[in-house]
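Notes follow once the structure below has been shown.
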Amino acid sequence: MGIVFVDIGISLDGFVAGPNARPGNPLGDAGTRSHEWMVPLASFHERNGGTGGERNADDAVLRRFFDRTGAYVMGRRMFDEGEIAWPEEAPFRAPVFVLTHRAREPWRRKGGTTFTFVTGGLDEALRRAGEAAGGKDVLVAGGADVVRQALRAGAVEELNVHVAPLLLGAGVRLFENLSGLGAKLEPGPVQASPRVTHLSFRVRR
Ligand SMILES: NC(=O)c1ccc[n+]([C@@H]2O[C@H](COP(=O)([O-])OP(=O)(O)OC[C@H]3O[C@@H](n4cnc5c(N)ncnc54)[C@H](OP(=O)(O)O)[C@@H]3O)[C@@H](O)[C@H]2O)c1
(Lines give C-alpha, C1' and ligand atoms only; values in the text may rest on other atoms or scores of the structure.)
Protein backbone atom coordinates (compact mmCIF):
# COMPACT_ATOMS: atom_id res chain seq x y z
CA MET A 1 0.00 0.00 0.00
CA GLY A 2 1.22 3.48 -0.83
CA ILE A 3 0.69 6.61 1.21
CA VAL A 4 -1.43 9.72 0.69
CA PHE A 5 0.67 12.80 0.03
CA VAL A 6 0.35 16.42 -0.99
CA ASP A 7 2.80 17.93 -3.47
CA ILE A 8 2.05 21.47 -4.51
CA GLY A 9 3.69 24.64 -5.78
CA ILE A 10 3.26 27.90 -3.87
CA SER A 11 4.53 31.44 -4.12
CA LEU A 12 6.71 32.71 -1.28
CA ASP A 13 3.64 34.47 0.13
CA GLY A 14 1.67 31.24 0.19
CA PHE A 15 -0.63 31.31 -2.82
CA VAL A 16 -1.27 28.28 -5.05
CA ALA A 17 -2.87 30.53 -7.68
CA GLY A 18 -2.90 34.23 -8.38
CA PRO A 19 -6.01 36.43 -8.59
CA ASN A 20 -8.70 35.76 -11.19
CA ALA A 21 -8.02 32.04 -11.54
CA ARG A 22 -10.62 30.50 -13.84
CA PRO A 23 -10.84 28.32 -16.94
CA GLY A 24 -8.91 30.27 -19.56
CA ASN A 25 -6.66 31.82 -16.90
CA PRO A 26 -5.26 28.70 -15.15
CA LEU A 27 -3.40 29.37 -11.89
CA GLY A 28 -4.62 32.99 -12.05
CA ASP A 29 -2.74 36.16 -12.92
CA ALA A 30 1.03 35.40 -12.93
CA GLY A 31 0.35 32.08 -11.18
CA THR A 32 1.97 29.94 -13.88
CA ARG A 33 5.28 31.50 -12.80
CA SER A 34 5.17 29.24 -9.72
CA HIS A 35 5.50 26.24 -12.09
CA GLU A 36 8.26 27.69 -14.29
CA TRP A 37 10.98 25.68 -12.51
CA MET A 38 9.58 22.49 -14.04
CA VAL A 39 9.49 23.59 -17.66
CA PRO A 40 13.20 23.10 -18.59
CA LEU A 41 13.42 19.67 -16.92
CA ALA A 42 13.86 16.38 -18.79
CA SER A 43 11.13 14.62 -16.80
CA PHE A 44 8.70 17.43 -17.65
CA HIS A 45 9.54 17.12 -21.36
CA GLU A 46 9.13 13.34 -21.24
CA ARG A 47 5.80 13.56 -19.42
CA ASN A 48 4.54 15.89 -22.12
CA GLY A 49 5.69 13.64 -24.98
CA GLY A 50 8.96 15.45 -25.72
CA THR A 51 12.67 14.73 -25.37
CA GLY A 52 15.71 16.57 -24.06
CA GLY A 53 15.72 18.92 -21.12
CA GLU A 54 17.85 19.37 -18.04
CA ARG A 55 18.86 16.49 -15.79
CA ASN A 56 19.67 18.04 -12.44
CA ALA A 57 18.51 17.95 -8.81
CA ASP A 58 15.17 19.63 -9.62
CA ASP A 59 14.63 17.03 -12.33
CA ALA A 60 15.20 14.23 -9.82
CA VAL A 61 12.52 15.73 -7.54
CA LEU A 62 9.99 15.93 -10.36
CA ARG A 63 10.86 12.47 -11.73
CA ARG A 64 10.36 10.87 -8.32
CA PHE A 65 7.00 12.63 -8.04
CA PHE A 66 5.81 11.16 -11.35
CA ASP A 67 7.21 7.70 -10.58
CA ARG A 68 5.62 7.34 -7.16
CA THR A 69 2.11 8.56 -7.99
CA GLY A 70 -0.43 5.86 -8.85
CA ALA A 71 -3.61 7.95 -8.65
CA TYR A 72 -4.67 11.56 -8.12
CA VAL A 73 -7.45 13.32 -6.19
CA MET A 74 -8.30 16.88 -7.18
CA GLY A 75 -11.03 19.48 -6.74
CA ARG A 76 -13.49 20.51 -9.39
CA ARG A 77 -12.06 24.02 -9.74
CA MET A 78 -8.59 22.65 -10.50
CA PHE A 79 -10.16 20.27 -13.00
CA ASP A 80 -12.22 23.00 -14.68
CA GLU A 81 -9.06 25.01 -15.40
CA GLY A 82 -7.21 21.95 -16.67
CA GLU A 83 -10.06 20.60 -18.77
CA ILE A 84 -9.39 23.21 -21.44
CA ALA A 85 -5.68 23.72 -20.74
CA TRP A 86 -4.25 20.19 -20.52
CA PRO A 87 -3.26 18.54 -23.80
CA GLU A 88 -5.26 15.60 -25.17
CA GLU A 89 -2.63 13.36 -23.57
CA ALA A 90 -3.19 14.83 -20.13
CA PRO A 91 0.00 14.76 -18.05
CA PHE A 92 -1.29 12.47 -15.27
CA ARG A 93 -1.24 9.13 -17.15
CA ALA A 94 -3.07 7.55 -14.21
CA PRO A 95 -6.57 7.53 -12.69
CA VAL A 96 -7.73 10.96 -11.48
CA PHE A 97 -10.65 11.32 -9.06
CA VAL A 98 -12.32 14.74 -9.21
CA LEU A 99 -14.29 15.82 -6.13
CA THR A 100 -17.47 17.59 -7.16
CA HIS A 101 -21.17 17.93 -6.46
CA ARG A 102 -21.87 17.75 -10.21
CA ALA A 103 -22.17 14.13 -11.35
CA ARG A 104 -20.63 13.41 -14.75
CA GLU A 105 -19.58 10.37 -16.76
CA PRO A 106 -15.85 9.47 -16.62
CA TRP A 107 -13.68 11.31 -19.17
CA ARG A 108 -10.96 9.15 -20.76
CA ARG A 109 -7.96 10.81 -22.35
CA LYS A 110 -5.19 9.37 -24.49
CA GLY A 111 -2.09 8.26 -22.63
CA GLY A 112 -3.74 6.60 -19.64
CA THR A 113 -5.54 9.42 -17.83
CA THR A 114 -9.17 8.84 -16.83
CA PHE A 115 -11.01 11.53 -14.87
CA THR A 116 -13.69 10.01 -12.62
CA PHE A 117 -16.12 12.40 -10.93
CA VAL A 118 -16.78 11.59 -7.27
CA THR A 119 -19.83 13.07 -5.53
CA GLY A 120 -19.51 11.03 -2.32
CA GLY A 121 -16.91 13.22 -0.59
CA LEU A 122 -13.23 13.08 0.27
CA ASP A 123 -13.23 9.66 1.95
CA GLU A 124 -14.76 8.03 -1.10
CA ALA A 125 -12.32 9.78 -3.45
CA LEU A 126 -9.32 8.67 -1.35
CA ARG A 127 -10.63 5.11 -1.07
CA ARG A 128 -11.17 4.80 -4.81
CA ALA A 129 -7.81 6.41 -5.57
CA GLY A 130 -6.10 3.99 -3.16
CA GLU A 131 -7.75 1.04 -4.90
CA ALA A 132 -6.73 2.35 -8.32
CA ALA A 133 -3.15 3.28 -7.43
CA GLY A 134 -1.74 -0.24 -7.85
CA GLY A 135 0.26 -0.07 -4.63
CA LYS A 136 1.77 3.32 -5.49
CA ASP A 137 1.08 6.56 -3.63
CA VAL A 138 -2.05 8.72 -3.91
CA LEU A 139 -1.49 12.41 -4.56
CA VAL A 140 -3.93 14.99 -3.26
CA ALA A 141 -3.12 17.36 -6.11
CA GLY A 142 -5.15 20.42 -5.14
CA GLY A 143 -6.54 22.93 -5.25
CA ALA A 144 -6.29 24.57 -1.87
CA ASP A 145 -9.77 23.60 -0.71
CA VAL A 146 -9.19 19.89 -1.26
CA VAL A 147 -5.70 19.95 0.27
CA ARG A 148 -7.09 21.64 3.39
CA GLN A 149 -9.89 19.05 3.66
CA ALA A 150 -7.35 16.24 3.45
CA LEU A 151 -5.16 17.87 6.12
CA ARG A 152 -8.16 18.43 8.39
CA ALA A 153 -9.23 14.80 7.91
CA GLY A 154 -5.78 13.58 8.99
CA ALA A 155 -5.43 11.79 5.68
CA VAL A 156 -2.12 13.31 4.56
CA GLU A 157 1.08 11.49 5.55
CA GLU A 158 3.56 13.62 3.64
CA LEU A 159 3.42 17.28 2.65
CA ASN A 160 5.73 18.56 -0.09
CA VAL A 161 5.76 22.24 -0.96
CA HIS A 162 7.75 23.74 -3.84
CA VAL A 163 8.29 27.40 -3.00
CA ALA A 164 8.84 29.65 -6.00
CA PRO A 165 10.75 32.91 -5.52
CA LEU A 166 7.66 34.87 -6.36
CA LEU A 167 5.26 37.20 -4.52
CA LEU A 168 1.77 36.89 -6.00
CA GLY A 169 0.28 39.29 -3.47
CA ALA A 170 -3.24 37.87 -3.71
CA GLY A 171 -5.08 34.85 -5.01
CA VAL A 172 -5.90 31.37 -3.67
CA ARG A 173 -4.16 30.90 -0.32
CA LEU A 174 -3.19 27.37 0.70
CA PHE A 175 -2.73 27.51 4.45
CA GLU A 176 -5.78 29.18 5.99
CA ASN A 177 -8.80 28.02 8.03
CA LEU A 178 -6.69 25.28 9.56
CA SER A 179 -6.97 26.25 13.24
CA GLY A 180 -7.11 23.29 15.62
CA LEU A 181 -5.40 21.04 13.10
CA GLY A 182 -3.20 19.50 15.77
CA ALA A 183 -0.78 18.01 13.24
CA LYS A 184 2.96 17.95 13.83
CA LEU A 185 5.25 18.46 10.86
CA GLU A 186 8.55 16.57 10.90
CA PRO A 187 10.87 18.33 8.47
CA GLY A 188 12.76 16.31 5.90
CA PRO A 189 15.71 17.54 3.86
CA VAL A 190 15.45 20.93 2.17
CA GLN A 191 16.63 21.11 -1.41
CA ALA A 192 17.12 24.42 -3.18
CA SER A 193 18.09 25.67 -6.60
CA PRO A 194 17.99 29.21 -8.02
CA ARG A 195 14.50 28.44 -9.37
CA VAL A 196 12.72 26.77 -6.45
CA THR A 197 13.04 25.52 -2.87
CA HIS A 198 11.65 22.06 -2.14
CA LEU A 199 10.32 21.49 1.41
CA SER A 200 9.14 18.09 2.62
CA PHE A 201 7.42 17.14 5.88
CA ARG A 202 6.04 13.96 7.44
CA VAL A 203 2.67 14.81 8.96
CA ARG A 204 2.13 13.28 12.42
CA ARG A 205 -1.12 13.45 14.36
N1 LIG B 1 0.12 25.67 -7.39
C2 LIG B 1 -0.25 24.42 -7.57
O3 LIG B 1 0.60 23.49 -7.59
C4 LIG B 1 -1.72 24.11 -7.75
C5 LIG B 1 -2.13 22.78 -7.72
C6 LIG B 1 -3.48 22.52 -7.87
C7 LIG B 1 -4.39 23.55 -8.06
N8 LIG B 1 -3.95 24.82 -8.10
C9 LIG B 1 -4.89 25.93 -8.29
O10 LIG B 1 -5.83 25.95 -7.21
C11 LIG B 1 -7.01 26.62 -7.66
C12 LIG B 1 -8.24 25.84 -7.24
O13 LIG B 1 -8.24 25.67 -5.85
P14 LIG B 1 -9.59 25.90 -5.01
O15 LIG B 1 -9.23 25.78 -3.59
O16 LIG B 1 -10.22 27.17 -5.49
O17 LIG B 1 -10.56 24.75 -5.51
P18 LIG B 1 -10.39 23.15 -5.66
O19 LIG B 1 -9.91 22.57 -4.37
O20 LIG B 1 -9.64 22.82 -6.91
O21 LIG B 1 -11.91 22.72 -5.94
C22 LIG B 1 -12.91 23.02 -5.02
C23 LIG B 1 -14.20 22.43 -5.55
O24 LIG B 1 -14.15 21.01 -5.55
C25 LIG B 1 -15.41 20.47 -5.19
N26 LIG B 1 -15.27 19.80 -3.89
C27 LIG B 1 -14.31 19.99 -2.96
N28 LIG B 1 -14.51 19.18 -1.92
C29 LIG B 1 -15.62 18.46 -2.19
C30 LIG B 1 -16.33 17.46 -1.48
N31 LIG B 1 -15.89 17.01 -0.29
N32 LIG B 1 -17.43 16.93 -2.05
C33 LIG B 1 -17.83 17.35 -3.27
N34 LIG B 1 -17.21 18.30 -3.99
C35 LIG B 1 -16.11 18.85 -3.45
C36 LIG B 1 -16.35 21.63 -5.09
O37 LIG B 1 -16.86 21.85 -6.40
P38 LIG B 1 -18.45 21.80 -6.78
O39 LIG B 1 -18.73 23.16 -7.25
O40 LIG B 1 -18.53 20.78 -7.85
O41 LIG B 1 -19.20 21.46 -5.56
C42 LIG B 1 -15.43 22.78 -4.72
O43 LIG B 1 -15.94 24.04 -5.11
C44 LIG B 1 -6.91 26.71 -9.18
O45 LIG B 1 -6.63 28.03 -9.55
C46 LIG B 1 -5.76 25.80 -9.51
O47 LIG B 1 -5.05 26.20 -10.68
C48 LIG B 1 -2.63 25.13 -7.95
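We use all heavy atoms of the structure for the numbers below, so side chains are in, but hydrogens, waters and symmetry mates are not. First listed ligand is number 1; within each ligand, the first listed atom is number 1.
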Looking at Arg127, I'd like to know if its CZ atom is crowded, meaning that more than 12 non-hydrogen atoms belonging to other residues, nucleotides or ligands lie closer than 6.0 Å. yes
Within the supplied structure, the quantity of interest is the number of heavy atoms (other residues, nucleotides, ligands) at a distance under 6.0 Å from Arg204 CZ; does it exceed 12? yes
among protein heavy atoms, the one nearest atom 29 (C) of ligand 1 is Gln149 NE2, 3.7 Å
Atom 3 (O) of ligand 1: the protein heavy-atom neighbour that sits closest, reported with distance to 0.1 Å: Gly9 N, 3.0 Å
Taking atom CZ of Arg109 as the centre, report whether more than 12 heavy atoms of other residues, nucleotides or ligands fall under 6.0 Å from it. yes
Considering both backbone and side-chain atoms of Thr100, is one of its nitrogen or oxygen atoms within less than 3.5 Å of a nitrogen or oxygen in ligand 1? yes
For ligand 1, is any non-hydrogen atom under 4.0 Å from Ala141's backbone (N, CA, C, O), its side chain (CB onward), both, or neither? backbone
State whether Phe5 and Arg68 meet the cation-pi test: NZ (Lys) or CZ (Arg) under 6.0 Å from the six-membered ring centroid, and within 45° of the perpendicular axis. yes
Would you say the side chains of Ser200 and Asn160 form a donor-acceptor pair under 3.5 Å? yes
Ligand-residue contact atoms, ligand 1 with Ala21, heavy atoms, under 4.0 Å: 45 (O)
Over 60° means perpendicular and under 30° means parallel, so tell me whether Trp37 and His162 are parallel, tilted or perpendicular. tilted
Once rounded to the nearest 0.5 Å, what's the spacing between atom CG of Leu122 and atom CG of Leu99? 6.0 Å
Any nitrogen or oxygen of Ile10, main chain or side chain, under 3.5 Å from a nitrogen or oxygen of ligand 1? no
Using a 4.0 Å heavy-atom cut-off, say whether Ala144 meets ligand 1 through its side chain, its backbone, both or neither. both
Under the criterion salt bridge (Lys or Arg N to Asp or Glu O under 4.0 Å), I'd like the reasoning laid out for Glu83 against Arg76: C-alpha separation, chi angles, the key distance, then a yes or no. CA-CA 10 Å; Glu83 183 176 15; Arg76 199 262 311 156; over 6 Å; no
To check your reading of the model: name the closest protein heavy atom to atom 39 (O) of ligand 1, its residue, and the distance in Å. Arg76 NH2, 2.5 Å
For His162, is the nearest heavy atom under 4.0 Å from an atom of ligand 1? no
Heavy-atom distances under 4.0 Å are what count here, so tell me which part of Met74 touches ligand 1: side chain, backbone, both or neither. neither
Among Asn25, Leu99, Val16, Asn20, closest by any non-hydrogen atom to atom 25 (C) of ligand 1: Leu99
Heavy-atom contacts with His35 under 4.0 Å: which atoms of ligand 1 show up? List them by number with element. 1 (N), 2 (C), 3 (O)
Would one find an N or O of Arg77, backbone or side chain, under 3.5 Å from an N or O of ligand 1? yes
Just going by heavy-atom distances, which of Val172, Val73, Val140, Asp145 is nearest to atom 27 (C) of ligand 1? Asp145
Enclosure of Glu105 CD (heavy-atom neighbours >12, cutoff 6.0 Å): no
Closest approach of any protein heavy atom to atom 41 (O) of ligand 1, naming residue and atom: His101 ND1, 2.4 Å
Within less than 4.0 angstrom of ligand 1, does Gly28 place any heavy atom? no
Between Glu158 and Arg64, is the closest basic N to carboxylate O distance under 4.0 Å? no
Pair Asn20-Asp29, side-chain donor/acceptor within less than 3.5 Å: yes
Counting only heavy atoms, which portion of Glu81 has something under 4.0 Å from ligand 1: side chain, backbone, both, or neither? side chain
N or O pair under 3.5 Å between Gly143 and ligand 1: yes
